[in-house]
Amino acid sequence: MTADGRPEPDRALYTISVAAELAGISPQALRLYEQRGLLSPARTGGGTRLYSDNDIARLRRISSLAEEGVNLAGISRILDLQEENTRLRSSGAEEG
DNA sequence: TTTCTTACA
DNA sequence: TGTAAGTA
């Protein structure tokens, strides 16, 4: 059951308000994160942001890094590097 | 300067 | 949703 009352899609999607609740951040802060390139949530036809469970996990990471004193630019870098790291290990380190 | 909150359209 | 003003 989703916040909107829907049954349960293949993968849960949350509005900016729900995503902010789960991540413990303010909706406005979430929009700031997107402007800085920290995430790229999906959007409905009207333009409403839809955060997936994967985005929520990333948001928790962002807030965690911010707590450590890392600025948004640094967080974006760390997240990007961590993804590349996982990508290389999964696809083989020969490419690059 | 950068981040986050509050307020308006 | 997007932008502006104010704060620490």
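Heavy-atom basis, side chains included; hydrogens, waters and symmetry copies ignored. Chain naming here is simple, since letters A, B, ... match the order of the sequence lines and numbering starts at 1 in each.
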Nearest-angstrom distance from the residue atom CG of Leu30(A) to P of dC4(B): 10 Å
Assigned partner base of dT7(C), Watson-Crick or wobble definition, under 3.5 Å: none
From dT3(B), dT5(B), dT1(C), nucleotide with atom closest to Leu72(A) side chain: dT3(B)
Nearest listed nucleotide, side chain of Gln28(A), among dT3(C), dC4(B), dT2(B): dT3(C)
Nearest-Å distance for atom pair CD/P, residues Glu67(A) and dC4(B): 9 Å
Any Tyr33(A) side-chain nitrogen or oxygen under 4.0 Å from OP1 or OP2 of dT3(B): no
Passing option when Tyr51(A) is tested against Leu13(A), Leu59(A), Thr15(A) for side chain to side chain contact (heavy atoms under 4.5 Å, CB included): Leu59(A)
Nucleotide dC4(B), atom C1' - distance to CG of Asn71(A) in whole Å: 14 Å
Whether Arg60(A) side chain and Leu22(A) backbone form a donor-acceptor pair below 3.5 Å: yes
Touch class at under 4.0 angstrom, heavy-atom based, for Arg49(A) against every strand present: sugar-phosphate
Salt bridge Arg43(A)-Glu34(A), side-chain N to carboxylate O under 4.0 Å: yes
Gap between atoms CD and P, on Gln35(A) and dT3(C) respectively (whole Å): 7 Å
Below 4.0 Å: OP1/OP2 of dT5(B) and any side-chain N or O of Ser26(A): yes
Integer-rounded Å distance: dT5(B) P and Ile16(A) CD1: 12 Å
Length of the CG-C1' vector between Leu32(A) and dT1(C), whole Å: 15 Å
Nucleotide dT3(C), atom P - distance to CZ of Arg31(A) in whole Å: 9 Å
Leu50(A) versus Pro41(A), closest heavy-atom pair with distance: O-CB, 3.7 Å
Any side-chain donor near an acceptor of the partner, Asp53(A) and Tyr14(A), under 3.5 Å: yes
Distance below 4.0 Å between Arg36(A) side-chain N/O and dT2(B) OP1 or OP2: no
